[in-house]
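In what follows, chains carry the letters A, B, and so on, assigned in the order in which the sequence lines appear, proteins first and then strands, with residues in each chain numbered from 1.
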2 protein chains.
Amino acid sequence: MSTISDVAARAGVSTATVSRALNGKANVDPELAARVRQAATELGYQPNGPARNLRRQEAAVVALIISDVENPFFTAIARGVEDVAHEVGYSVVLCNSDENADKENRYIDIAIQERVAGVILSPSGPAAGVAKLAARGTAYVAVDRPLPDRDSDVVLVDTRLAAAQATAHLVAQGYERIGCITGPAGVRTADDRLAGYRDTVKTTKNLVRRSEYKAAGAHRAAASLLSQPNPPDALLVANNAMAVGVLRALQELNLRPGRDVGVVAFDDAPWAELLDPPLTVVAQPAYEIGTEAARLLLARIADNTRPPTVTTLGARLIERASSHR
Amino acid sequence: MSTISDVAARAGVSTATVSRALNGKANVDPELAARVRQAATELGYQPNGPARNLRRQEAAVVALIISDVENPFFTAIARGVEDVAHEVGYSVVLCNSDENADKENRYIDIAIQERVAGVILSPSGPAAGVAKLAARGTAYVAVDRPLPDRDSDVVLVDTRLAAAQATAHLVAQGYERIGCITGPAGVRTADDRLAGYRDTVKTTKNLVRRSEYKAAGAHRAAASLLSQPNPPDALLVANNAMAVGVLRALQELNLRPGRDVGVVAFDDAPWAELLDPPLTVVAQPAYEIGTEAARLLLARIADNTRPPTVTTLGARLIERASSHR
DNA sequence: CTGAAAGCGCTAACAA
DNA sequence: TTGTTAGCGCTTTCAG
């Protein structure tokens, strides 16, 4: 593995000149620069990242810590982040925290140790790790959920409003006992979606269930809700994975979405239209969350003293037949 | 940001001792070690990764370069890799090459520059970048597709056999003009799936289409196939995203899967069962591909002289109604 | 068992 | 414009 001094020797210049030439710094004689580049190519020179990062005290890398790699909502965010970061020469590393505070903290530690320039994360709860980022002055921004007890840049979706509108849509369609299946208490998006639902239907009845943001939990929740003496005739479901569980429960009970039980779920998916009946969804602007978060992070890397901002994006109800009688 | 010398000073020992204590090396007085750990905690010491990696000439990180973060097949692989790597103290960084040779090469360069211990990748073609890994002696293993012109450890699925079996299943169900929609020529999985199809149905008719491994391309392909004078009565579809496009085309033409056109697609998905009729699929053992690849990579990191191995896993046909008349 | 010190490869003062 | 040189923070001989 050749080093900068090999290149310098071959080009007949000093290592400083090689460094300057290869990093496109001004004030290098074009002819020397050419010689340096040639020597570098001939040797197959690859700069030593750790050495560079050690010297610069920072790596041109941003870490993106998301709570579920298998959730298309988060992977779409990842694309948004990547596209913006790459434009300005940053690499993105994706870390999967799996909704698990330990893993999240572990990845935050790694990010700190590797001296990444910044971190974007979807916090899985009141994360102790984030305090470390703040303490070290590492730039970070939260997406999808705000950080409790901490103000930072954050990019959110107005999910409470979206939930309220989705519920209103079900009301408008003539459903009368609307239930809600949402995520765990304490997870902000789960609480907000429930709050939006309650903004629209004031009900004291037992029409709400919570579970993990997963299909299995939602399946149980739906089964329990629908087997009650006085079951709901419509359901607001708080994410995509949960929708799968709910729809499966409906199938098992021989209930047809739309006709028997109106269904609206958060997050659009390519297959939502393929269902019979097609699934009504609240589409969140995931890609834009990513691009916006990346832009904020870059701005904060450049200047960590700027006041924290809250960016709220809107969601869009896409009406399909699962919410029509 | 405190350094190892801060810790050393506070514990009243040398930096060498701190290093030894914190890295769990033998031969450190337990009492000193305790003092060191305490000092480290009090200072919130986080080792400087770049410095450590520079010195060690290697980072305890493996890079996973996949061709599509939004494809559940690859994210399942990612989980497999993570689970194995974490067990032995390696971190995993996920890079999304987007089926794009430039991005892939770029990520390979980054992996080399950052001196990662190894690379797992799903090659998007004859990648020049891989030669650099080999030249540098960085361990790597290919998943899903072998590397042309290069023998390395590789973890594959016997996708040709699986395609042949899936096609045979369609034949057994009484379909008589079976078509195939597969990925781009030159992509090994696409070619293999087509070959498996041809192993079963010897046809000279115009029943094959290729497109990107995406919904849009498959949609066009299906539309073109089905609007022929003598259209197919069944379709083998080479991946999950494509299945979405094909099913959409069927919907538009008012053709019902199973009854009108038999459909089998590669890759299972949680929503496959929700469709009406449910989708018959060839389920690939994605998670196991990941765990196996990680194990091979670890072995190769330990000993790069071992002969390359080819691991082939089987796929499983899951029969559902879309392939029943 | 512990400490002193060299040096990994690079960049950025500082000099020339 | 170019070169010389001093570290960045860590691990690891080598002495003690």
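Regarding B/Glu114, its CD atom lies at a distance of 12 Å from the P atom of C/dC10, rounded to whole Å. Taking atom CG on A/Leu22 and atom C1' on C/dG9, their separation rounds to 13 Å, with Å as the unit. Rounded to a whole Å, the CE atom of A/Met1 is 9 Å from the P atom of C/dC10. Protein atom CD1 of A/Ile4 is 8 Å distant from nucleotide atom C1' of C/dT11, rounded to whole Å. One interatomic measurement links the two molecules: CZ of A/Arg115 to C1' of D/dG9, which rounds to 9 Å at whole-angstrom precision. To the nearest angstrom, P of C/dG9 lies 18 Å from CZ of B/Arg52. Counting to the nearest Å, the C1' atom of D/dG9 and the CG atom of B/Asn48 are 5 Å from each other. In this entry the distance linking CG of B/Leu54 with C1' of D/dG7 reads 12 Å, nearest Å.
Rounding to the nearest 0.5 Å places OG of A/Ser67 at 11.5 Å from NZ of A/Lys103.
Within the 4.0 Å cut-off from OP1 or OP2 of C/dG9, at least one side-chain nitrogen or oxygen of B/Gln57 is found. In this model, the phosphate group of D/dT11 is approached by a side-chain N or O of B/Ser19 to a distance below 4.0 Å at OP1 or OP2. Look at A/Asn53 and you won't find any side-chain N or O under 4.0 angstrom from OP1 or OP2 of C/dC10. B/Lys25 has a side-chain polar atom (N or O) that falls below the 4.0 Å cut-off from OP1 or OP2 of D/dT12.
Side-chain contact annotation: A/Tyr213 with A/Thr189, donor-acceptor N/O pair under 3.5 Å present. In this model, no donor atom of one side chain and acceptor atom of the other lie less than 3.5 Å apart for B/Glu58 and B/Asn53.
Between C/dA12, D/dC10, C/dC10, one nucleotide has an atom nearer to the side chain of B/Thr3 than all others, and that is D/dC10.
A/Asn23 places no side-chain N or O within donor-acceptor distance of the main-chain N or O of A/Lys25, the cut-off being under 3.5 Å. B/Asp144 places no side-chain N or O within 3.5 Å of a backbone atom of B/Ser122 that could act as its donor or acceptor partner. Within the 3.5 Å criterion, the main-chain N or O of B/Glu31 finds a donor-acceptor partner in the side chain of B/Asp29.
Using a 4.5 Å cut-off on side-chain heavy atoms (C-beta onward), B/Val62 and B/Val116 make no contact.
Within 4.0 Å (heavy atoms only), B/Pro50 reaches no atom of the nucleic acid at all.
A rotation axis mapping the C1' atoms of four pairs onto the next four is fitted at both ends of the helix from C/dC1-D/dG16 to C/dA16-D/dT1 over five pairs, and the angle between these axes is 40° to 10 degrees.
Using a 4.0 Å cut-off between charged nitrogen and carboxylate oxygen, B/Asp98 and A/Arg79 count as a salt-bridge pair. Under 4.0 Å is where a charged nitrogen must lie from a carboxylate oxygen, and between A/Asp153 and A/Arg306 at least one such pair does.
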Can you give me the N/O atom pairs linking the protein to nucleotides 1-3 of chain C at distances under 3.5 Å, or say none if there are none?
from	atom 1	to	atom 2	distance (Å)
C/dC1	OP2	B/Asn27	OD1	2.8
C/dT2	OP2	B/Asp29	N	2.7
C/dG3	OP2	B/Ser14	N	3.1
C/dG3	OP2	B/Ser14	OG	3.3
C/dG3	OP2	B/Thr17	OG1	2.7
C/dG3	N7	B/Arg20	NH2	2.7
C/dG3	O6	B/Arg20	NH1	3.2

